[in-house]
Amino acid sequence: MAVFTQILAMRPDFTGADREWLHQLVTDWQVIADLSFADLLLILPMPDGRYIVADQCRPSTVMTLRSEDVVGKEVDRELDGELDAAMRATSIFRSTVMRSIGKSTVCNVYAPVRYEGKTLGLVVRETNMATRESNGRYESESINAGKQLYEMIPRGQFPYHDPVMNQRHNARVADGFIILTVDGIVRYASPNAVSCFRRLGSLTTMQGQYLSEVGTQLLHTNDTFPESLPLVLSGKAAVDSELEANRSAVSMRSLPLYDANGRTGAIVLCRDVTELRRRDVELQTKDATISEIHHRVKNNLQSISALLRLQARKTQSQEVKKELAEAQRRVQTIAMVHEGLSQTADEMVDFDKVISKLLKMSIDLATMSDQRIDIDFDGSFGLMPAQDATPLSLVLTELVTNAVEHGFEGRQQGHILIRAKRTGTHLDIAVEDDGSGIEAEEEHGMAKSSGSGLGTQIINTFVTNDFAGSVHWEPGEQGGTKVIVSINLRAAQAEQN
C-alpha cells in the first residue's frame, strides 16, 4: 500500500476523506473482481492531465489478464479521450472498442468513483470475453452479482459507509456465496455455500427459503449467537458473523445490493471455518496449560524460597545465613520470570516489566536498614523467550547485588542506572553506579567475590557460555563503577528464524 499512498499524495487537492474513501475501495474490491471474473484497475487523473494506475486487483476465481504489476504506470495516452469521457459520466461508461491483452480479447467498462459530489477516479473492469461464453447457472449468477456491486460504485454505495467486520477469517467468493432477494429469500446458493449449511446440519433445499429461517432452524433453544447474525442472514446490513451448529462453524458476510431506488437484495459469502475454530480452541487450551504450568512452577519456587528462609532463621552460623539468603534471592529471581510467563499467552517475556521488579527486590534484600539505593532504567530490553530471560535476569541481579554490597558499603545513599540498547538479537547493557569506585567492586576483571563466589561464576558462565558475550568493567562517569555487558540472545534468534 506504500505505492498507493504515494500516488494519492500526487493529488494534493484530495481531502483526508477522499483518500480514506479510496483506501476503503481497494480494501474491499476483491469481491467484485472474484464475482465478475475480471481484473480491476483504479486509475486516477493527475494534475498534468496524465492518468496513472493507482492500484490493481486480480481475480482469484479465474486466470488474470495481467501477470505483471502495472501500479504506478501511466495509462496509454491513446485512451485519454475514453478516460476523459468516463470521468465526465455519472454512471457506468462502456467502451465501444474491443482491445487485446496478450492473446485475450478484452472489453473495458468504467465505473466513476464518486464521493461527495465529485469524481475521484475510475475503476476499470477488464473483462476477458472468453469468460462470457457458454456460462452455466453458477457463472451467470456470479457475474450478475458482481455487476450489481460494480454499478454501486458511481452511486457512492460501494464501498459501504459503515461496515462491521469482526471475523478474523472472512469468507471469499470461492468459499461459497448466496444470492438473496430484498425479502431475504434465497434465490441462488453456490455448491460450496450449500455444503457449508449441510455441514451445519441443514437438510432442506435452500432455494426459495428465507435464509434467516434456514439458519434459525439449526439453533437450539438455549444456544447463544452473535447479535449480528440476524442482520447477516437477512442481508440488510454490511456486517459479518458466525453460525455454529452441529459441532461446525461457518463464517458469513453480507453485502447488501442497491440500485438508485434502494436495497434490492444481498450477497452472503460463506466459509466453513470448523477446522480453524478447532485449532483455535486447541491453541487456547495449550496456552492455558502452559500458563498454568508456569504458575505452578512459580508457586513451587516460592515454597523453596520460604524453606530456605526458615532454614536461615534456624542456623546459628552467620556465614550459612548469608549463603542461604543468597540462594533464596536467586530462587526468587527465577520465580519472577515464571510469574511473567504465566501472565502471557506465549513463551515470550516482557523483560522490561520483569527486570524492574526483580532488581528493585534485589536492592531491598541487599541493602542495610539505614541505606537508600535508587535504581533507574534507560532504553528497552524488549520481549524475549524464557531461555534468555532466566539467565539474563540472574546476571543482572548479581551485578546489582554486587554494586550494593561492595560499591555502597558503609554509605547511606546511592544510585544505580541500567541502560539497555537492543538491535535485533544483540543486546548491550550498562550497569552504572555512583558508589565507592571500581576498586571496591571489581577484582581481576570480574565481580568481587564474597562468600562462595557463586555470584561471580553465574555472571561469567551465563554471559560467556550461554550468550557468547563479554563483560567489561571500567570507572563510572560519576566516580563509581560501570559494567558493560554485550550479549547475543540465542533463544530469541531461534524464535525469529
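Excluded from the calculations below are hydrogen atoms, water molecules and symmetry mates; all remaining heavy atoms, backbone and side chain alike, are included.
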Grab the two heavy atoms, one from [X] and one from [Y], that are nearest each other, plus how far apart they are.
X	Y	answer
Cys57	Gln30	SG-OE1, 3.2 Å
Leu149	Leu35	CD1-CD1, 3.9 Å
Val53	Ile7	O-CD1, 3.6 Å
Ser142	Asp34	OG-O, 4.2 Å
Ile52	Glu74	CD1-CA, 3.8 Å
Val273	Glu242	CG2-OE1, 4.0 Å

TODO: Kindly indicate, with the supporting measurements, whether the criterion side-chain hydrogen bond (donor to acceptor under 3.5 Å, both in side chains) is fulfilled by Asp376 and His415.
DONE: CA-CA 8 Å; Asp376 288 316; His415 180 260; 2.7 Å; yes
- [ ] On the 0 to 90° scale, with breaks at 30° and 60°, tag the His161-Trp21 ring pair as parallel, tilted or perpendicular.
- [x] tilted
Open item on the list: Taking the basic N atoms (NZ, or NE/NH1/NH2) and the acidic carboxylate oxygens, is any pair closer than 4.0 Å for Asp272 and Arg199?
Closed with: yes
Task: Pair Arg419 + Asp378: basic N to acidic O under 4.0 Å - done: yes
Would you check if the side chain of [X] reaches a backbone N or O of [Y] as a donor-acceptor pair within less than 3.5 Å?
X	Y	result
Asp39	Pro59	no
Ser190	Phe177	yes
Arg19	His23	no
Thr397	Leu394	yes
Asp434	Gly480	no
Ser317	Val320	yes
Asp352	Phe381	yes
Asn402	Leu399	no
Asp433	Gly435	yes
Thr274	Ala249	yes

- [ ] State whether a side-chain donor-acceptor pair under 3.5 Å links His472 with Ser486.
- [x] no
Open item on the list: Pairing donors with acceptors under 3.5 angstrom, does anything connect the side chains of Thr425 and Asn488?
Closed with: no
Just so I know, are the side chains of [X] and [Y] near enough to count as touching, which here means a heavy-atom distance under 4.5 Å?
X	Y	result
Leu8	Leu44	yes
Glu244	Val250	no
Trp473	Ile484	no
Val26	Phe4	yes
Phe351	Ser380	no
Pro256	Tyr160	yes
Arg66	Ile101	yes
Asp69	Gln56	yes

For [X], does the [atom1] atom sit with more than 12 other heavy atoms under 6.0 Å from it, leaving out its own atoms?
X	atom1	value
Glu474	CD	yes
Glu275	CD	yes
Met46	CE	yes
Asn465	CG	yes

Task: Derivation of the side-chain contact (heavy atoms from CB on, under 4.5 Å) call for Arg247 and Arg278 - done: CA-CA 10 Å; Arg247 296 183 180 179; Arg278 185 186 66 80; over 6 Å; no
TODO: Given side-chain contact (heavy atoms from CB on, under 4.5 Å), test Ser254 with Val239 step by step and report yes or no.
DONE: CA-CA 6 Å; Ser254 62; Val239 296; 3.9 Å; yes
First locate atom [atom1] of [X], then atom [atom2] of [Y], and finally report the distance between them rounded to the nearest 0.5 Å.
X	Y	atom1	atom2	value
Ser228	Met252	OG	CE	9.0 Å
Ile375	Leu359	CD1	CG	4.5 Å
Leu41	Tyr51	CG	OH	14.5 Å
Asp175	Cys196	CG	SG	7.0 Å
Leu243	Thr216	CG	OG1	9.0 Å

- [ ] Could you walk me through whether Leu396 and Ile355 pass side-chain contact (heavy atoms from CB on, under 4.5 Å), step by step?
- [x] CA-CA 8 Å; Leu396 292 176; Ile355 201 62; 3.8 Å; yes
- [ ] Dump the intermediate steps for side-chain contact (heavy atoms from CB on, under 4.5 Å) on Val113 and Val123, then the final yes or no.
- [x] CA-CA 7 Å; Val113 182; Val123 175; 3.7 Å; yes
Task: Tyr150 six-ring face occupied by Arg125 cation (under 6.0 Å, within 45°) - done: yes
Open item on the list: For a side-chain hydrogen bond (donor to acceptor under 3.5 Å, both in side chains) check, start with the C-alpha distance between Thr15 and Asp18, then their side-chain angles and the critical distance, and finish with the verdict.
Closed with: CA-CA 5 Å; Thr15 66; Asp18 295 337; 3.1 Å; yes
